[in-house]
Structures are given as C-alpha cells and as structure tokens.
Amino acid sequence: MIDLEKRMISKAGGRFSVQIRDEDVHRFLSKVLHVDKQDCWIWGASENGRGYGQFYMKKRPWLAHRVSYSIFKGYIPSGMVVDHICHNRACVNPHHLRLATNQQNSQYRSGAAPRNSHSHVRNVYWLKDAKVWQVGIGLNHKYIYGGIFKSLDDAQECARKMREKYFSPEFQGN
Ligand SMILES: [Zn+2]
C-alpha cells in the first residue's frame, strides 16, 4: 500500500497541498549539493532570499526543508512548522529537521535574535540559534553555500568575494 499521506505537502497555513510524486523525489535529491562536516545536506538549487532552499512543484516554489520533511518523515500537520535542529537554513537532511508549533518557533526567534538580526548585507543571513552569519548566493537557480561566520564583517567579506568570483564577466561567460 502506498501511504499517500507521507507524500503530501501543504503550504504553511494549509492553504492548499500537492502530492509529491516519485519523479519529484528524484529531482529533489539531484539538487542536494554535498554533505558537509555536520552531515548537513546542502541545498544546491534556488533559495528564497532568506537562506532557505526552494524547490518547484506544480510551478510553485516550496520550501526545500519542508519538502524533505514531507518526503522522508511524513505529513506536516497544519499549524506546525519545520525547524532546523542544525541551525543551517541551507540544510535539507531530514534527520536535522523537527516539527515545532508556531508558538515554539517564535519563542525561539524572539529569544535569540540580536537587534540587527537582519544583516541588511547582501547574501548574509543570521542563523538565530547558532548565533552565526551564513553566507550564500543564488546563481542560475543554484544556491551556493559560502560558509558561516561569527563576525558580520567576515561574512560580508566572504559574500563580497563570492559575488566577485561568481558574478564576474569571466565566470558569466563560461
Ligand atoms: Zn543540517
């Protein structure tokens, strides 16, 4: 018996849901870039501008970590969010994901974020619970992970170098 519920995913807020087909699963796994030292599965496709991976099904973007949870662990009940235990937004390893209530999640946020939780620096994102800055750029529908940094200055410098490398005319010409 196919457990249909395991392969369904709903939009946060439960506005609608779709079935995740086998071909979606294969396509999803083909976009995992590499596994890092912490066993994080680094998402290698587009990101949503806040460091979270994005995966398209039925012409709509879905958060990649929610898709991973829905494929490997099961249906996300309405009102629940999927939280990264590893604090790495680019990660889609199902073993690093857990369900949390919206309330738990916002408590998490309000407790840990510094006042400048949004860096206002391009390609730099604050990982609230790890208290580090993550650098990553989106390029040709790929998310390129740059690393994590304690200091915003270092993160900014890394983001600048990445843009220089990946957005240079030489690179674009390849
Ligand atoms: Zn992870």
Side-chain angles (χ1 to χ4, degrees), residues 6-12 20 22 24-57 61-77 79-114 117-119 121-152 154-159 161-162 166:
K6 272 216 159 98
R7 290 289 179 79
M8 293 295 289
I9 182 168
S10 62
K11 279 285 184 195
I20 303 170
D22 284 351
D24 295 322
V25 176
H26 291 298
R27 203 161 49 83
F28 182 87
L29 290 174
S30 76
K31 293 178 190 299
V32 175
L33 202 60
H34 64 269
V35 175
D36 74 6
K37 288 187 225 72
Q38 279 76 44
D39 290 327
C40 287
W41 298 5
I42 305 302
W43 184 246
S46 67
E47 58 117 342
N48 71 349
R50 297 179 58 220
Y52 293 103
Q54 215 165 231
F55 180 68
Y56 281 82
M57 287 185 297
W62 300 80
L63 288 171
H65 65 289
R66 286 177 65 88
V67 175
S68 178
Y69 191 95
S70 302
I71 292 172
F72 296 105
K73 295 184 106 173
Y75 190 71
I76 305 161
M80 299 295 274
V81 296
V82 176
D83 178 50
H84 279 99
I85 299 164
C86 60
H87 312 302
N88 181 354
R89 289 182 178 186
C91 174
V92 294
N93 183 338
H95 301 297
H96 293 184
L97 302 172
R98 65 177 168 202
L99 288 178
T101 63
N102 269 318
Q103 198 185 3
Q104 284 168 331
N105 200 44
S106 56
Q107 278 168 357
Y108 233 16
R109 261 182 216 160
S110 59
S117 66
H118 187 117
S119 72
V121 176
R122 253 175 96 194
N123 310 117
V124 177
Y125 314 95
W126 176 247
L127 303 187
K128 60 185 188 301
D129 301 307
K131 297 184 178 161
V132 291
W133 300 98
Q134 177 175 317
V135 178
I137 65 172
L139 180 72
N140 301 332
H141 305 293
K142 297 262 183 197
Y143 177 74
I144 302 170
Y145 174 72
I148 54 172
F149 300 89
K150 290 268 180 216
S151 121
L152 179 57
D154 292 345
Q156 189 166 3
E157 180 60 14
C158 171
K161 281 184 181 155
M162 283 185 81
Y166 291 106

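Quick note: numbers below take in every heavy atom, side chains included, and nothing from hydrogens, waters or symmetry partners. Counting convention: from 1, in listed order, for ligands and their atoms alike. When a residue number appears, it is its place in the shown sequence, counting from 1.
- A heavy-atom distance below 4.5 Å is found between the side chains of S70 and I20.
- A side-chain hydrogen bond (donor to acceptor under 3.5 Å, both in side chains) with Y125 is found for one member of E47, R89, R50, Q134 and no other, namely E47.
- With contacts defined as side-chain heavy-atom distances shorter than 4.5 Å, the pair L97/S68 qualifies.
- Angle subtended at the Zn ion (ligand 1) by C86 SG and H96 ND1: 110°, rounded to 10 degrees.
- Residue F28 forms a ring pair (Phe, Tyr, Trp, His ring centres under 6.0 Å) with just one option from Y69, F55, W41, F72, and that option is F55.
- The Zn ion (ligand 1) has no N, O or S atom of H84 under 2.8 Å away, backbone or side chain.
- Around the Zn ion (ligand 1), the angle linking C40 (SG) with C91 (SG) is 110°, rounded to 10 degrees.
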